[in-house]
Amino acid sequence: MSLFIYNTMTRKKEEFVPLKENQIGMYVCGVTVYDYCHVGHARAAIVFDTFYRYFQYRGYEVLFVRNFTDIDDKIINRANEQGVDWQEINRKYIDAFYEDMGRLNIAAPTEEPKATDHIPEMLEMIQSLVDQDKAYESEGDVFYSIKSFKEYGCLSGKNNDDLQSGARVEVNETKRNPLDFALWKKSKPGEPFWDSPWGPGRPGWHIECSAMSKKYLGDTFDIHGGGKDLVFPHHENEIAQSCGCTGKQPVRYWVHNGFVNIDKEKMSKSLGNFFTIREVYKKYHPEVLRLFLISSHYRSPIDFSEKNLEDATKVLSRFYEGLAGVQEKIGSLDSATIPDFSKKVKDHPLTQKFEAAMNDDLNTAVAMALMNEELRKLNTAVQIKNSDNLGKLAVAVTAWKDAGKILGIFCLTPEEFEKELFEIKNSNLGLDVEKIEKLIADRKSARQSKNWAEADRCRDDLTEMGVLIEDTPTGTEWKLK
RNA sequence: GGCGCCGUCGCCAAGUGGUAAGGCAGAGGUCUGCAAAAUCUCUAUCGGCGGUUCGAGUCCGCCCGGCGCCUCCA
C-alpha cells in the first residue's frame, strides 16, 4: 500500500517515493534555543517524530536531521539581558529542550547539527552564490539577490510584485532589493563573530538549513518539514539558496504542520498566549499532551484548551486501563508459542486499517478512532469467560499496542502510567493517601456487615475529595477523578 | 491590498461524488447491595444561497463568519 503525503509545493497529496529505494532523507527545522519550548514546538516535534516512527515501521532507513539554531539576534539579546555568555543561553535551553521533548517520547534524530558548528559549510555556500553573482556584499553584509532566482515564491505561492507591494520588511539602504535577504551579517561591536571573506560577522538565519541539509543529506533529499509559519520566508529562502548554489531542487516533498491555537488564535511568543511544555506537564501527563496533539490531523489547526486536555486524559486512562485488563487476562501466555505470531499481528484488521489511515497523509485522527474501536473489542473479549481465545487476544492486543507505539503512546506500563498520573493530579490536590486508604478500609468493613449507609457515607467522603472507587473481584481500587 | 486555509452533533474531531468514523458530555438497558468501570442501544444532513451531476459535506460561483502568511516565529 502506498503512502501519500501532502506536498506544500504542489498543494496536493502525492504518492511518496523516496529518492533511494529503502532510504529516506528528512530534514526538519528545529528550534532557536533562547527560551523554553511551548506547545507549538511540541506539536512540530511530535508530527515529525510520528513520520519518523512510521517510516521506520514501514521498513525504511531514515536519515533524520533536526537542527538547533544557536546563533541569532534573540539569543544575543537574551544573553545581554541576563548578563551571561550567549553560549550559556544555548546550553541551558538545549538541555531544557531534551528534557521537555524526552518526556514526550520524541525519538533522537540521526543528526542534530548546530548552526555554529557549520560556519565553514555556510561560508562555502555563500561564496558560491557570490561567485555566481547571485549574492552580493554590501558594507560587510552579504545579501541574496532575489532577482537571480526567477522561481522565488514557488513554495508559498507568492510572486515578487505582490511581495514588494506588501513588503513590511525593514528598509535597508544597503540592499539592492527590499526582498533580498541576509546570508551573512556584519557583527556589531561586542557581538559574537566569525571571520569571513567579507569581514567578521555571523550567518543569516536561512543559510544554516541549506548548508546543513546539504552536508548531511545531499543536494536533493526527500522531505523537509517544519511549521506552516516557516513556509515564507524561511523555506522559500532555503530553496533560493540551495537551488542557486547547486542548480538542483533541494527538496522533493515539503511538509508543514498546522499551528496550535488558543481561542482560535495562533499560539506565539509575540501574542504572549503561549504555554510552555513544562507548564503543561504540571497538570497533564506528557503522553496526554502527545495524544491530544495527534487527535487532529497534523495540517489542521488545533485548539489548545483545558477541556481538550482533560478529554485526552480520559482517553489515555481508558487505553491504559484496557491494556492492564488484557494483560491480566492473558497472564503469562508466551506469544512465542503462538504459530506465525508476527504475521498474525501484521494481518490483523486493526493493523491493516491503521496502516491505511497513516498512509493517507498520516491521518492520526482516524488512527485514534481505530484505537478506540479496538479497545472496545478488547474490553469485550476480556469479559468473556472461556479462555480458548487467549492467543487471538494476544495477537489483537499486540496489534493495538504496536499501533499505539507508532503514535508515541504506550511507552509506559499501565502501572507506571497510573502512578505518574496520580502524582500529577495529586500534586495539585495534595491528598493524604493514608486517609483515603483508611476510608476505603472503613467502607470495606461496613460492607462486610452490610451496613450500606455507612459504606455509602465513606464513599461520599471519598467522592468529595475527588477519589473514585471501583469494587472489583480482587478488591476495591481507587483513583483520582 | 496580495496569497492561502477553515466553518460537520452541546464540545473536540474524521470524512477518496453515492445517502455522515471516533472521543467527551447526555438518555436508557446489562452488571453491581447501591455505585464505579466495562458493555449494549439512542442522539447531526454537514455556515447561507445558487449551480454542475442520476447523486455533493465532498466539485464550481457568490455571500456570511473565523483564521493564517506577506516581519522573528513550530
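So you know, we letter chains A, B, ... as the sequences are listed, proteins then strands, and number each from 1.
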In whole Å, what is the span from the NZ atom of A/K481 to the P atom of B/rA37? 12 Å
Are the side chain of A/D70 and the backbone N or O of A/T116 linked by a donor-acceptor pair below 3.5 Å? yes
Strictly under 3.5 Å: I want the nitrogen or oxygen pairs between protein and nucleotides 39-43 of chain B, one per line.
| from | atom 1 | to | atom 2 | distance (Å) |
| --- | --- | --- | --- | --- |
| B/rU39 | OP1 | A/N379 | ND2 | 3.1 |

Heavy atoms under 4.0 Å, any strand shown: does A/V260 hit a base, just sugar-phosphate, or nothing? base
Scan A/M267 against the nucleic acid and name what it touches under 4.0 Å (heavy atoms): base, sugar-phosphate only, or nothing. base
Rounding to the closest angstrom, what is the interatomic distance between B/rG33 and B/rU43 at atom P? 32 Å
Does CD in A/E328 sit with more than 12 non-hydrogen atoms of other residues, nucleotides or ligands closer than 6.0 Å? no
For the pair A/R278 and A/E99, find out whether any cationic side-chain nitrogen is under 4.0 Å from an anionic carboxylate oxygen. yes
With both distances under 3.5 angstrom, what nucleotide forms a Watson-Crick or G-U wobble pair with B/rC34? none
For B/rG57, the Watson-Crick or wobble partner whose two distances fall under 3.5 Å: none
Look through every strand shown and name the nucleotide pairing with B/rG65 as Watson-Crick or G-U wobble, where both distances are under 3.5 Å. B/rC6
With rounding to whole Å, what would you report as the distance between B/rC12 and B/rG7 at their C1' atoms? 15 Å
Given RNA chain B, 5'-ward residue of the pair A/G226 and A/S156, judged by closest heavy atom: A/S156
What's the CG-P distance between A/L350 and B/rG22, to the nearest Å? 15 Å
Between the protein and nucleotides 4-11 of chain B, are there any N/O to N/O pairs under 3.5 Å, and if so, what are the atom names and distances?
none

Do A/S138 side-chain atoms and A/D141 backbone N/O form a donor-acceptor pair below 3.5 Å? no
Between A/F422 and A/W478, is the gap from one ring center to the other below 6.0 Å? yes
How about A/W400 and A/F319: are their ring centres within less than 6.0 Å of each other? yes
Nearest whole angstrom, please: distance from the C1' of B/rU16 to the NZ of A/K12. 16 Å
Donor-acceptor pair, side chain of A/R459 and main chain of A/I469, under 3.5 angstrom: no
Think A/K314 has a side-chain N or O under 4.0 angstrom from the OP1 or OP2 of B/rA25? yes
Could you tell me how far B/rA21 sits from B/rU45 if I compare only their P atoms? Round to whole Å. 13 Å
Listed once per pair and sorted, the side-chain hydrogen bond (donor to acceptor under 3.5 Å, both in side chains) pairs that draw on residues 356-368 of chain A, sequence neighbours left out: A/K13-A/D360, A/Y54-A/N359, A/R58-A/N359, A/H297-A/D361, A/Y298-A/D361, A/R299-A/D361
State, with a plain yes or no, whether a side-chain heavy atom of A/N261 is found less than 4.5 Å away from one of A/M267. no
Take atom C1' in B/rA14 and the same atom in B/rG23, then report the distance between them in whole Å. 11 Å
Under 4.0 Å, counting only non-hydrogen atoms across every strand here, what does A/R443 touch: a base, just sugar-phosphate, or nothing? base
Of the candidate nucleotides B/rA74, B/rG15, B/rG22, which contains the atom at the shortest distance from the side chain of A/N363? B/rG15
Presence of donor-acceptor pair under 3.5 Å, side chain of A/R459 and base of B/rA35: yes
B/rA20 pairs with, by Watson-Crick or G-U criteria that keep both distances under 3.5 Å: none
Side chain of A/D471, base of B/rC34: donor and acceptor closer than 3.5 Å? yes
For a quick check of understanding: with a heavy-atom distance under 4.0 Å over all strands, which category does A/H38 fall into, base, sugar-phosphate or nothing? base
Just to confirm, is there a sub-4.0 Å distance from OP1 or OP2 of B/rA14 to any side-chain nitrogen or oxygen of A/S300? yes
Whole angstrom value for the distance that separates P of B/rG33 from CD of A/E454: 19 Å
Only pairs at least two apart or in different chains count here, so list each salt bridge (charged side-chain N to carboxylate O under 4.0 Å, His left out) that has a residue in residues 72-82 of chain A. A/D35-A/R78, A/D72-A/K74, A/D73-A/K185, A/D73-A/R202, A/R78-A/E81
Base, sugar-phosphate, or nothing: which does A/L230 touch, judged by heavy atoms less than 4.0 Å apart? sugar-phosphate
Counterpart residues, ring-ring contact (aromatic ring centres under 6.0 Å, His included), relative to A/Y34 (two or more places apart): none
How many angstroms lie between CG in A/L378 and CD in A/E374, if you round to the nearest 0.5 Å? 5.0 Å
Would you say that more than 12 heavy atoms from the other residues, nucleotides or ligands in this model lie under 6.0 Å from the NZ of A/K269, or not? yes
Between B/rC6 and B/rG10, how far apart are the P atoms? Round to whole Å, please. 22 Å
Take atom C1' in B/rU32 and the same atom in B/rU39, then report the distance between them in whole Å. 14 Å
Name the residue closer to the 5' end of RNA chain B, choosing between A/I302 and A/T472 according to the nucleotide with the nearest heavy atom. A/I302
Do A/H224 and A/Y27 have ring centroids that are under 6.0 Å from one another? yes
Starting at CD of A/E236 and ending at C1' of B/rC3, how long is that distance when rounded to a whole Å? 12 Å
Can you tell me, in whole Å, how much space there is between the P of B/rU58 and that of B/rU53? 16 Å
With both distances under 3.5 angstrom, what nucleotide forms a Watson-Crick or G-U wobble pair with B/rC72? none
With C1' as the reference atom in both, quote the distance from B/rA13 to B/rA25 in angstrom, rounded to an integer. 14 Å
What nucleic acid atoms does A/E373 come within less than 4.0 Å of, heavy atoms only: base, sugar-phosphate, or nothing? sugar-phosphate
Below 3.5 Å, does any donor atom in the side chain of A/D456 face an acceptor in the base of B/rG33, or the other way round? yes
Side chain of A/V315 only, please: which of B/rG23, B/rG15, B/rA21 is the nearest? B/rG23
Name the closest nucleotide to the A/E321 side chain, picking from B/rA13, B/rA37, B/rC34. B/rA37
Numerically ordered, the residues 251-259 of chain A set in heavy-atom contact under 4.0 Å with RNA chain B is A/N257, A/G258, A/F259
To the nearest angstrom, how far is A/I469 atom CD1 from B/rA35 atom P? 13 Å
Taking C-beta and beyond as the side chain, do A/T32 and A/Y93 meet within less than 4.5 Å on heavy atoms? no
Identify the nucleotide, in any strand shown, that forms a Watson-Crick or G-U wobble pair with B/rU41, with both distances under 3.5 Å; if there is none, say none. B/rA27
Would you kindly give the CD-to-P distance between A/E238 and B/rA74, to the nearest whole Å? 13 Å
When you check the phosphate oxygens OP1 and OP2 of B/rC3, does a side-chain N or O of A/N159 lie under 4.0 Å from one of them? no
When the distance from CG of A/N261 to C1' of B/rC69 is rounded to whole Å, what number comes out? 14 Å
Is the ring centre of A/Y98 less than 6.0 Å from the ring centre of A/F68? yes
What nucleotide, of B/rA14, B/rA74, B/rA21, holds the atom closest to the side chain of A/A44? B/rA74
Check whether any side-chain nitrogen or oxygen of A/K266 sits under 4.0 Å from OP1 or OP2 of B/rC69, and answer yes or no. yes
